[in-house]
Amino acid sequence: MRKTKDFAPQVADISAAFGLLTRLPVASPAPRGAAAAWAYPIAGMAVGLIAGLSGLVAHWFGLPAALAALAALSMQIILTGAMHEDGLADTVDGLWGGWTRARRLDVMKDSHIGTYGTLALMLSLSARWAALWLLFEISGAAALAALVAAGALSRAVMPALMRALPNARVNGLSRGIGRPDWRIVGWGGGVAGVAAIVLLGWSGFGAMVCALLVAIAVGWIAQTKIGGQTGDILGAAQQAAEIAVLLSIIA
């Protein structure tokens, strides 16, 4: 009985990560806020696995690599409810559409999408689709491994930014979750790092470096322009890190 209780918080954290970052039906445990952030990479791995399998099935049914990549990309969006894509669009609209910190935050909160956000989504989706296209042309297994690794690494940067940067708003999703301590960040990074190395071999180290550099860049821009991070910033960082990981594998 005691061992079951010892593992209960970890299981609840994984369920909480799935409930926050995906649209998969999971139980709703008592919220643990930032303490569950270490499990974000596990949710990302699940999204990558299901998306990759969708692409593999499309490939096995004779669809070309371009359409298999599109199937995988579409499944990613379905599984997450376009949560991170929305964050990317709002971030780019706000950071480059406003002249003051307050105005940038207002634009980011606006549900409408502007020119900057539209272009960011177009470029982001094109980059991910092209990378997955090339990977499916190499092999379905390579694409599957890349999607799972990218899903883990791109979600590991989120708790790191939550810890490294202050909250830019007095309310909002990120503020409500809280700031994880560095131990939680380390656990999440460790989970993602092990997954990347197991799945990608030596290329996993390069993928980790690329994800880290992108996270630093996004964090620096956010700190400079709005004085910290928001949920939208975290979504933008996830998207940028995923692209960087996929492109590093291609390279």
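Atoms considered below: every heavy atom in the structure, side chains included; atoms not considered: hydrogens, waters and symmetry mates.
Here Ile243 is tied into one hydrophobic group with Leu247, each link being a pair of ILVMFWY side chains closer than 4.5 Å. When hydrophobic side chains of Ile, Leu, Val, Met, Phe, Trp and Tyr are connected at separations under 4.5 Å, Val170 ends up as a singleton with no cluster partners. Leu88 belongs to a hydrophobic cluster whose other members, connected by ILVMFWY side-chain contacts under 4.5 Å either directly or through intermediates, are Val92, Leu95, Trp96, Leu105, Met108, Ile113, Tyr116, Leu121, Val214, Val218, Trp220, Ile221, Ile226, Ile233.
The two residues Ala207 and Leu200 come nearest to each other via the heavy atoms CB-CD1, 4.1 Å. Between Pro180 and Val185, the shortest heavy-atom distance links the atoms CG-CG2, 4.2 Å. Between Arg163 and Trp182, the closest heavy-atom pair is CG-CE2, 3.2 Å. Counting all heavy atoms, side chain and backbone alike, Ala51 lies closest to Met75 at CA-CG, 3.8 Å. Nearest heavy atoms, Ile184 versus Ala34: CG2-O, 3.7 Å. Taking both residues in full, the closest heavy atoms of Gly55 and Ala71 are given as CA-CB, 4.5 Å, listed atom of the first, atom of the second, then distance.
Asp93 places a side-chain N or O within 3.5 Å of a backbone atom of Gly117 that can act as its donor or acceptor partner. At least one donor-acceptor pair under 3.5 Å links the side chain of Trp129 to the backbone N or O of Ala66. The main-chain N or O of Leu123 is never found under 3.5 Å from a side-chain atom of Ser126 such that the two would form a donor-acceptor pair. Although no hydrogens or angles enter the test, the distance criterion places no donor-acceptor pair under 3.5 Å between the side chain of Ser124 and the main chain of Ala120. Looking only at distances, no side-chain donor or acceptor of Arg23 sits under 3.5 Å from a matching main-chain atom of Leu79. Although no hydrogens or angles enter the test, the distance criterion places no donor-acceptor pair under 3.5 Å between the side chain of Asn167 and the main chain of Arg169.
Atoms CD1 and CD, from Ile50 and Gln76 in turn, are 11.0 Å apart once rounded to the nearest 0.5 Å. Here the CD1 atom belonging to Ile78 is positioned 8.0 Å from the OG atom belonging to Ser54, to the nearest 0.5 angstrom. Atom CG of Leu56 sits about 12.0 Å away from atom CZ of Phe61, to the nearest 0.5 Å. The distance from atom OG1 of Thr115 to atom CG of Leu119, rounded to the nearest 0.5 Å, is 6.5 Å. Atom CG of residue Leu147 and atom CG of residue Leu246 lie 6.5 Å apart, to the nearest 0.5 angstrom.
In this structure, the side chains of Pro166 and Gln223 come closer than 4.5 Å at one or more pairs of heavy atoms. For the pair Phe136 and Leu67, the minimum side-chain heavy-atom distance is 4.5 Å or more.
Two different hydrophobic clusters hold Ile197 and Leu212 under the rule that ILVMFWY side chains link at heavy-atom gaps under 4.5 Å. Hydrophobic clustering (side-chain heavy atoms under 4.5 Å, transitive across Ile, Leu, Val, Met, Phe, Trp, Tyr) groups Val26 together with Val47. Follow the hydrophobic side-chain contacts under 4.5 Å out from Leu234 and you never reach Ile216; the two are in separate clusters.
For the salt bridge (Lys or Arg N to Asp or Glu O under 4.0 Å) condition, the pairs that include at least one residue of residues 176-197, sequence neighbours left out, are Asp181-Arg183.
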Next item on the list: Check the pair Phe205 / Trp202 against ring pair (Phe, Tyr, Trp, His ring centres under 6.0 Å), numbers first and verdict last.
Entry: CA-CA 6 Å; Phe205 290 101; Trp202 291 108; 5.6 Å; yes
Note to self: Applying side chain to side chain contact (heavy atoms under 4.5 Å, CB included) to Ile42 and Val191, what does each step give before you reach the verdict?
What the structure shows: CA-CA 8 Å; Ile42 297 177; Val191 169; 4.0 Å; yes
Next item on the list: Please step through side chain to side chain contact (heavy atoms under 4.5 Å, CB included) for the pair Leu70 and Trp133, ending with a clear verdict.
Entry: CA-CA 8 Å; Leu70 183 61; Trp133 183 349; over 6 Å; no
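For the salt bridge (Lys or Arg N to Asp or Glu O under 4.0 Å) test, residues two or more places apart in sequence or in another chain that qualify with Arg128 are Glu85, Glu242.
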Can you give me every donor-acceptor pair (side chain of residues 148-162, partner residue at least two apart or in another chain, under 3.5 Å) with its distance?
residue, atom, partner, partner atom, Å
Ser154, OG, Ala150, O, 2.7
Ser154, OG, Gly151, O, 3.4
Ser154, OG, Gln238, NE2, 2.9

